[in-house]
**Student:** 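I have a structure I would like to understand better, so I am pasting it below and will then ask my questions one at a time.
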Amino acid sequence: MKMKKKNLLFFTIVLLILTFGAEVAHFTNQVKNELWINSIRTITESTHQGANALNMQFEIDFQTLHLLWEQIATSDTPEITSTLYKGVEPDIVLYRQNTKNKGGMTEVDQNVNTFLDNNDIEQGLLDSHICTVTGDSVFNIFVKGTLIDGTTAYLVKEYFTKEIAEQFTLSFYDNIGFSYLINQNGVIMVRPRHKNGNKTIYNIFDMISKNENDTQEIYAFQQSIQNLETGWAKFNSDGQGLVFCYEPLKVDSTWLLVSIVPENVITTQAKSIVRKTMVFSAISLFTILCVIAIFHGFKMHEREIHTRELTEALNIADNANRAKGRFLMDMSHDIRTPLNAIIGMVSIAQENISDQPRLKDCLEKINASSTHLLSLISDILDMSQIEKGKIILKEEAISLPQLFEQTVDVMRPIAQEAYLDLEMCPIQLKNNTIIGDSLRIRQILLNIIRNAVKYTQPGGHITLELTQAEHYEGLATYRFRCIDTGIGMNQEFIERIFLPFERERNTTDSKVAGMGVGLTITKKLLDLMGGTISVESEPGKGSIFTIEFHFMYQDSNFSITEVAKEDPDYSDRRVLLVEDNELNMEILEELLSITNIQIEKAYDGQKAVSMITSQPPHYYDLVFMDIQMPIMDGYEASRQLRNMERDDLHLIPIVAVSANALASDVENALIAGMNGHIPKPVDLDELIDTLQQYL
């Protein structure tokens, strides 16, 4: 009887150990598989992003070649015209097909000559080779066209492979993995500057040992590369497993980006978990008989938690990748749209110089597109400054009704162009004059109204209300409501509406331009002011945005008056323009010319200091000073002038005119001794206001 019990106990123990061992093995394999799949997905996504970056570069360069062709193809002296363009695009050369003077006035790569003479391709990418001119490893993109004399020619842009290797080849897993650019035959076009990159192989397929891998799998991999497909594969090479992830370039080419990562790097994490599991199992066997049930339950619970954490981490990564991809796509679309309009209108204007109505129409559209592009960039900069805590709110007396009416007046023509009815209800305020930042209040109101205009269909209605909710001793609450009959939103999206780069539909689907940060900026500015914003909406029935501000108020009300700006005349005054860029100098000089002011020019800070100090006191009435200049920048020039002993140099107005337009830049200008700051691109009204302020 005892023997039977011992045998039963023995078999029970063996069965429990085997069961436990099976559970451990199952758990280990599951973790290894999940980690493997996640790692492959990470490498594949990185390869995809790298290929997209290179595609974007090539697309921009192909567009540049086509734009240059429009000018060169109609020129009587194409070689001279192309040589002039080399000042802007030094790596672009004009080749004539089947003629002795292949490159005109430029020494040309004979390998490119040979390829173009023996092919009849409209545009494409030429494989890497040694340039016969420089002796460097290069490759080229080209666009075919016909010159005015009927000769077939090509515009060819040259790339140095070492520069492309630095910019677009990738590294993974603590800089152990690397990538190549290859053609569809596996020949390496660009090899990485990476310590693990093989510098001796000519073809990517040479890395795969035929003795260590299945022939059919190698053949399938080669076929996939030749067919320019996307995928991944694993092969052995000298006893080491290698993972190949590949993505074809989408431009006119037969190239692919191939990322290579040693398998042991990917599996290191899994092996670490396996080792820990084995140690844990060995310890657990000593107490398995007394705690088997508790331990098994704990182990199952631990596995569920770990799996859930892995799943959550994977979901977070996937969501981040999708948000990043959506943002990059929208940003690319939104920036390219006004850029395309500007470039296109410039081309049309050049073709219609003598047609004044058409030229005026082109200039108006260029101005509108430039303004829109500037607003996109300003939104991103505002987001950055708010996140860094560098937005400082001003405190100034403001007529809130007048500011509100002016804001609505700005948006009214925009709403009319969109065929919308914009109604402003009677303003109901007890205390009109508040203390606040007029610029940021206007920005908040504009963002909300502009959002309603964007998402309301033609024929729709937008109603605006401004009321005073309540007031206390010197403090009042003001309520602004924007009610539209637009497309509306579901509750799920309302919960995300103030997150950056969030829109219910992307730019391409909704036909609405913008980065998706306007409402985010609005919310953060309201947080700085101590205000609140709420949203009510229903799909297909419109939205209601309600904002509450809390401001100190003044008992006496006032009106903002406009200073007359028509035909100002400062012919008896003299201004010094300090600017190192010829084009910017020309623009500033032309804008100021309408005031008849006397203009003198300096092209760096040192020259400006010399000109001012060499003249008698009060010779110049105002100085417009750029910041970033050679020899001496605008900050140093201003400091030197302020530190001199002449009394007039302590008082002469110095106004910065700079592309450095952040709040910190304005602060630095004031610290250096300047009186004010005008951001580039320069607004004519702001320029005239500055003259009126100081003259």
Side-chain angles (χ1 to χ4, degrees), residues 43-66 91-92 109 111-112 114-116 118-131 136-144 154-172 177-194 197-208 218 220-233 235 242-261:
I43 301 170
T44 300
E45 176 60 21
S46 297
T47 305
H48 175 70
Q49 294 295 339
N52 277 352
L54 190 54
N55 281 329
M56 184 176 295
Q57 179 63 54
F58 284 150
E59 287 175 359
I60 293 172
D61 290 343
F62 271 120
Q63 289 178 7
T64 300
L65 293 182
H66 283 293
D91 296 323
I92 295 179
D109 184 348
N111 289 322
V112 177
T114 302
F115 176 83
L116 297 178
N118 295 298
N119 289 276
D120 191 27
I121 305 173
E122 294 298 324
Q123 71 175 41
L125 188 150
L126 176 61
D127 285 353
S128 62
H129 58 277
I130 300 300
C131 178
D136 292 315
S137 177
V138 300
F139 64 93
N140 312 81
I141 64 171
F142 58 90
V143 173
K144 179 183 177 183
Y154 295 84
L155 274 178
V156 181
K157 180 176 177 62
E158 182 180 78
Y159 302 86
F160 290 92
T161 57
K162 62 182 180 181
E163 294 180 356
I164 297 299
E166 291 175 352
Q167 296 175 24
F168 292 102
T169 53
L170 313 173
S171 60
F172 309 88
F178 52 96
S179 62
Y180 292 97
L181 277 169
I182 67 171
N183 66 15
Q184 66 185 129
N185 296 319
V187 178
I188 295 174
M189 298 291 102
V190 179
R191 51 181 84 241
R193 302 185 67 183
H194 191 281
N198 193 317
K199 302 298 187 294
T200 61
I201 64 168
Y202 171 75
N203 193 297
I204 195 76
F205 301 137
D206 294 340
M207 298 181 65
I208 304 172
I218 296 176
F221 175 59
Q222 292 174 335
Q223 288 296 113
S224 184
I225 293 292
Q226 290 175 354
N227 294 335
L228 300 177
E229 297 174 350
T230 299
W232 69 275
F235 296 101
L242 295 176
V243 175
F244 296 75
C245 291
Y246 48 96
E247 174 85 10
L249 303 185
K250 302 302 182 184
V251 295
D252 293 333
S253 74
T254 58
W255 286 21
L256 304 93
L257 182 65
V258 180
S259 302
I260 301 175
V261 183

**Student:** Side chain to side chain donor-acceptor pair (under 3.5 Å) with Tyr246: which of Ser224, Ser179, Ser259?
**Tutor:** Ser224
**Student:** So how far is it from Thr47 OG1 to Leu256 CG, rounded to the nearest 0.5 Å?
**Tutor:** 11.0 Å
**Student:** What distance do Ile218 atom CD1 and Gln222 atom CD have between them, rounded to the nearest 0.5 Å?
**Tutor:**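 So the CD1 of Ile218 and the CD of Gln222 are separated by 7.0 Å.
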**Student:** Are the side chain of Gln184 and the backbone N or O of Gln226 linked by a donor-acceptor pair below 3.5 Å?
**Tutor:**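 Looks like yes, one N/O pair under 3.5 Å.
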**Student:** Val243 and Trp232: which non-hydrogen atoms are nearest, and at how many Å?
**Tutor:** CG1-CE3, 4.3 Å
**Student:** Compare all side-chain heavy atoms of Ile260 with those of Met207 and state whether any distance is below 4.5 angstrom.
**Tutor:** yes
**Student:** Can you list everything that forms a side-chain contact (heavy atoms from CB on, under 4.5 Å) with Asn183? Sequence neighbours excluded, please.
**Tutor:** Asp127, Asn185, Val187, Met189, Thr254, Trp255
**Student:** If you round to the nearest 0.5 Å, how far is CD1 of Ile188 from CG of Asn203?
**Tutor:** 7.0 Å
**Student:** Does Asn140 have any side-chain hydrogen bond (donor to acceptor under 3.5 Å, both in side chains) partners at least two apart in sequence or in another chain, and if so, which?
**Tutor:**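 side-chain hydrogen bond (donor to acceptor under 3.5 Å, both in side chains) list for Asn140, sorted by chain: empty.
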**Student:** Identify the two heavy atoms, one from Gly186 and one from Phe205, that lie closest to each other, and give their separation to 0.1 Å.
**Tutor:** CA-CE1, 3.9 Å
**Student:** Yes or no on side-chain contact (heavy atoms from CB on, under 4.5 Å) for Val138 and Val112, after CA distance, side-chain angles and deciding distance?
**Tutor:** CA-CA 10 Å; Val138 300; Val112 177; over 6 Å; no
**Student:** Does some side-chain heavy atom of Ile204 sit less than 4.5 Å from a side-chain heavy atom of Ile225?
**Tutor:**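 Not touching, per the 4.5 Å side-chain cut-off.
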**Student:** Kindly compute the distance separating NZ (Lys144) from CG (Asp120), expressed to the nearest 0.5 Å.
**Tutor:**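 With rounding to 0.5 Å, NZ (Lys144) is 3.0 Å from CG (Asp120).
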**Student:** Can you tell me how far CZ of Phe62 sits from CD1 of Ile141, rounded to the nearest 0.5 angstrom?
**Tutor:** 4.5 Å
**Student:** Which atoms form the tightest heavy-atom contact between Phe221 and Ala233, and what is the distance?
**Tutor:**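 Residues Phe221 and Ala233, closest heavy atoms: CD1-CB, 4.0 Å.
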**Student:** Can you sort out the partners of Thr114 under side-chain contact (heavy atoms from CB on, under 4.5 Å), two or more places apart, ordered by chain and number?
**Tutor:**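 Checked Thr114 against side-chain contact (heavy atoms from CB on, under 4.5 Å); matches are Asn118.
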**Student:** Measure the spacing between CD1 of Ile208 and CZ of Phe235 and express it to the nearest 0.5 Å.
**Tutor:**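 Those atoms lie 4.5 Å apart.
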**Student:** Minimum heavy-atom separation for Leu257 and Ala51, please, with both atom names.
**Tutor:**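 Smallest heavy-atom distance, with atoms named: CD2-N, 3.6 Å.
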**Student:** Does Lys157 have any side-chain hydrogen bond (donor to acceptor under 3.5 Å, both in side chains) partners at least two apart in sequence or in another chain, and if so, which?
**Tutor:**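 side-chain hydrogen bond (donor to acceptor under 3.5 Å, both in side chains) check on Lys157 returns nothing, list empty.
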**Student:** Do Pro248 and Thr230 make a side-chain contact, defined as non-hydrogen atoms from C-beta onward lying under 4.5 Å apart?
**Tutor:** yes
**Student:** Checking Glu59 against Gln63: is there a side-chain donor and acceptor pair closer than 3.5 Å?
**Tutor:**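 No - no donor-acceptor pair under 3.5 Å links their side chains.
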**Student:** If you define the side chain from C-beta out and look only at heavy atoms, does anything of Phe58 sit under 4.5 Å from Leu54?
**Tutor:**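 Yes; the side chains approach each other to less than 4.5 Å.
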**Student:** Of all residues at least two apart in sequence or in a different chain, which pass the side-chain hydrogen bond (donor to acceptor under 3.5 Å, both in side chains) check with Ser137?
**Tutor:**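 With neighbours one apart ignored, the set is Thr161.
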**Student:** Suppose we screen for side-chain hydrogen bond (donor to acceptor under 3.5 Å, both in side chains). Which residues come up paired with Asp61, at least two apart in sequence or across chains?
**Tutor:**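 Applying side-chain hydrogen bond (donor to acceptor under 3.5 Å, both in side chains) to Asp61 gives Gln57, Tyr159.
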**Student:** Which heavy-atom pair separates Leu228 from Ser253 by the least distance, and what is that distance?
**Tutor:**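 Looking at all heavy atoms of both residues, the closest pair is CD1-O, 4.1 Å.
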**Student:** Can you name the closest pair of heavy atoms from Tyr154 and Asn119 and give their distance?
**Tutor:**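 Looking at all heavy atoms of both residues, the closest pair is OH-O, 3.5 Å.
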